[in-house]
Amino acid sequence: MSRIAVVQTPPVFLDRAATLARAADSVAEAARGGAGLVVFPEAFVPGYPAWIWRLRPGGDMALTEKLHAALRANAVDLSKDDLGPLRAAARREKVAVVCGIHERDADFGGGTLYNTVVVIGADGAILNRHRKLMPTNPERMVWGFGDASGLKTADTPCGRVGVMICWESYMPLARYALYAQGIDVYVAPSYDSGERWVATMQHIAREAGCWVAGAGCALRASDIPASMPGKSELFKNPEEWVNPGDSVIVAPGGKIAAGPLHEELGILYADIDHERIGMARRSLDVVGHYSRPDVFQLHVNTKPLRPVEFAPGAPK
């Protein structure tokens with residue numbers, strides 16, 4: 001038996017350092033609550049770009065550029081260990097952490113951002129980096145496309161963990177690629193919310209026969225600083241819930257174990273009974289006796305997709 005915690009709290013919007021400090025505090029609180037795995041929402045560091053759903057593609061271009069500059073300045077460069085404070089918190093508390101970030105490409109042009117989730121081990125090491133395969137609608141104006149090099153599971157104190165970001169959970173083949181790796185806990189950091197999203201989490205728990213943790217972005221207009229360009233035009237009502245959160249933890253088979261946490265902040269906890277995974281898959285194992293590999297086959301290209309490949313010894 002192990003315990004998972006889903007943190008539903010807003011970031012310190014567009015402030016990487018302050019958001020990481022808040023995340024470290026939440027890790028410590030969740031560890032005191034007995035958690036072995038702590039999950040944060042999509043793009044938590046330094047905050048989901050909620051403005052993209054309110055801007056006009058052409059007329060608001062100047063404002064878009066200002067917002068993107070602020071976002072890029074506070075994005076995470078993994079090569080510079082920008083996640084050091086969060087890795088240190090995981091190591092100090094001896095818990096694994098799953099956290100959504102804006103990742104800044106440091107290998108090539110340096111200008112592309114990715115919607116990324118990292119899995120940090122209880123020793124502070126980064127076990128996996130998954131970049132969102134398909135940004136959703138206006139998200140494509142913010143993030144580049146990921147590849148399948150991070151479409152894999154990682155061993156944590158709560159079992160084998162795999163991550164799908166938001167609407168990646170509507171990509172059946174991507175889900176199946178994780179299922180085939182013996183997933184125990186399916187983590188879905190998301191900006192989506194509402195009854196249909198919760199039902200999706202329940203469906204996946206039934207389909208995969210595993211535990212599912214949906215981590216929602218709870219954000220009020222008052223959480224967005226007045227210094228953000230366009231704040232007064234885009235988020236006029238300080239009482240508005242820009243996103244209600246709706247974080248939820250679902251047991252194998254589809255029964256809700258905790259949440260949904262709607263229009264409130266806090267930490268959801270659930271005790272993970274691994275025996276329930278085997279029980280759920282006794283009758284439905286979609287990568288076992290329900291797979292029919294004689295009829296269906298899935299091939300996944302896990303090679304990192306790079307804009308250029310240099311020959312050995314060539315200058316970079």
Side-chain angles (χ1 to χ4, degrees), residues 7-24 26-27 39-55 63-87 89 97-120 126 128-147 149-150 163-168 187-192 215-219 223-225 227-231 234-235 242-243 304:
V7 177
Q8 183 163 296
T9 189
V12 182
F13 208 66
L14 292 178
D15 188 327
R16 180 184 64 232
T19 297
L20 286 171
R22 178 171 291 182
S26 294
V27 167
V39 178
F40 290 90
E42 178 179 11
F44 184 70
V45 184
Y48 183 90
W51 59 80
I52 62 177
W53 301 96
R54 304 187 180 197
L55 290 173
L63 176 56
T64 297
E65 289 178 349
K66 292 179 181 178
L67 288 165
H68 192 80
L71 183 61
R72 183 170 174 269
N74 284 276
V76 173
D77 185 341
L78 293 176
S79 70
K80 294 181 179 178
D81 197 24
D82 283 345
L83 285 184
L86 188 56
R87 297 198 308 107
V97 175
V98 176
C99 187
I101 63 173
H102 293 262
E103 182 196 359
R104 181 175 173 178
D105 163 51
D107 294 328
F108 295 99
T112 298
L113 300 180
Y114 293 95
N115 183 340
T116 296
V117 168
V118 293
V119 181
I120 302 172
I126 295 180
N128 191 29
R129 177 197 69 183
H130 171 61
R131 292 173 170 175
K132 193 173 187 178
L133 294 168
M134 178 56 67
T136 303
N137 295 328
E139 292 180 354
R140 295 168 203 168
M141 299 296 291
V142 179
W143 294 308
F145 290 16
D147 57 35
S149 60
V163 180
M164 289 275 96
I165 306 171
C166 202
W167 275 23
E168 285 186 318
V187 177
S190 177
Y191 191 70
D192 207 344
C217 297
L219 184 69
D223 296 314
I224 300 173
S227 59
M228 188 198 88
K231 164 67 186 291
L234 298 175
F235 304 98
V242 179
N243 193 299

Give, for atom [atom1] of [X] and atom [atom2] of [Y], the distance between the pair rounded to the nearest 0.5 Å.
X	Y	atom1	atom2	result
Q8	S26	CD	OG	11.5 Å
R140	I52	CZ	CD1	10.5 Å
D82	L20	CG	CG	8.0 Å
L83	L78	CG	CG	5.5 Å
D107	D77	CG	CG	8.5 Å

Determine whether a donor-acceptor pair (N or O, by modelled atom type, separation under 3.5 Å) exists between the side chain of [X] and the backbone of [Y].
X	Y	value
N243	Y191	yes
N128	G150	yes
N74	L14	yes
R131	S149	no
D105	L113	no

Tell me, please, which residues at least two apart from R16 pass side chain to side chain donor-acceptor pair (under 3.5 Å).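 In terms of side chain to side chain donor-acceptor pair (under 3.5 Å), with neighbours along the sequence ignored, R16 is linked to no residue.
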
Closest approach of [X] and [Y], non-hydrogen atoms and distance?
X	Y	result
P41	C217	CB-SG, 3.7 Å
P229	L67	O-CD2, 3.3 Å
D147	P304	OD2-CA, 3.4 Å
L86	A24	CD1-N, 4.5 Å
V12	T19	O-OG1, 2.9 Å
P135	G144	CG-O, 3.6 Å

Would you sort out whether F40 and V27 count as a side-chain contact (heavy atoms from CB on, under 4.5 Å), showing the intermediate values? CA-CA 10 Å; F40 290 90; V27 167; 3.9 Å; yes

Check salt bridge (charged side-chain N to carboxylate O under 4.0 Å, His left out) between D15 and all other residues, then give those that pass, not counting sequence neighbours.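 Counting only residues at least two positions away or on another chain, D15 forms no salt bridge (charged side-chain N to carboxylate O under 4.0 Å, His left out).
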
Under the rule for salt bridge (charged side-chain N to carboxylate O under 4.0 Å, His left out), what residues qualify as partners of R54, not counting sequence neighbours?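 By the salt bridge (charged side-chain N to carboxylate O under 4.0 Å, His left out) rule, R54 matches E240.
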
With side-chain contact (heavy atoms from CB on, under 4.5 Å) as the test, would you mind laying out the steps for V45 and C99 before giving the verdict? CA-CA 8 Å; V45 184; C99 187; 4.0 Å; yes

Quickly, which of V98, V187, I165 forms a side-chain contact (heavy atoms from CB on, under 4.5 Å) with H130? Name it, please.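 Between H130 and the candidates, side-chain contact (heavy atoms from CB on, under 4.5 Å) is satisfied uniquely by I165.
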
Is there a side-chain contact between [X] and [Y] in this structure, where contact means two heavy atoms from C-beta onward sitting under 4.5 Å apart?
X	Y	answer
L234	I224	no
T9	F44	yes
P189	V163	yes

Taking only residues at least two apart or on different chains, which pairs with a member in residues 39-53 satisfy side chain to side chain donor-acceptor pair (under 3.5 Å)?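 Every side chain to side chain donor-acceptor pair (under 3.5 Å) pair that includes a residue of residues 39-53, provided the two are not neighbours, is E42-N115, E42-K132, Y48-W53, Y48-E139.
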
Contacts of W167 that satisfy ring pair (Phe, Tyr, Trp, His ring centres under 6.0 Å) - sequence neighbours left out: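 So W167 forms a ring pair (Phe, Tyr, Trp, His ring centres under 6.0 Å) with Y170.
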
Just to verify, what does H102 make a ring pair (Phe, Tyr, Trp, His ring centres under 6.0 Å) with, not counting sequence neighbours?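 Applying ring pair (Phe, Tyr, Trp, His ring centres under 6.0 Å) to H102 gives W143.
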
Would D81 and R87 count as a side-chain contact (heavy atoms from CB on, under 4.5 Å) here? Give the steps. CA-CA 9 Å; D81 197 24; R87 297 198 308 107; 3.0 Å; yes

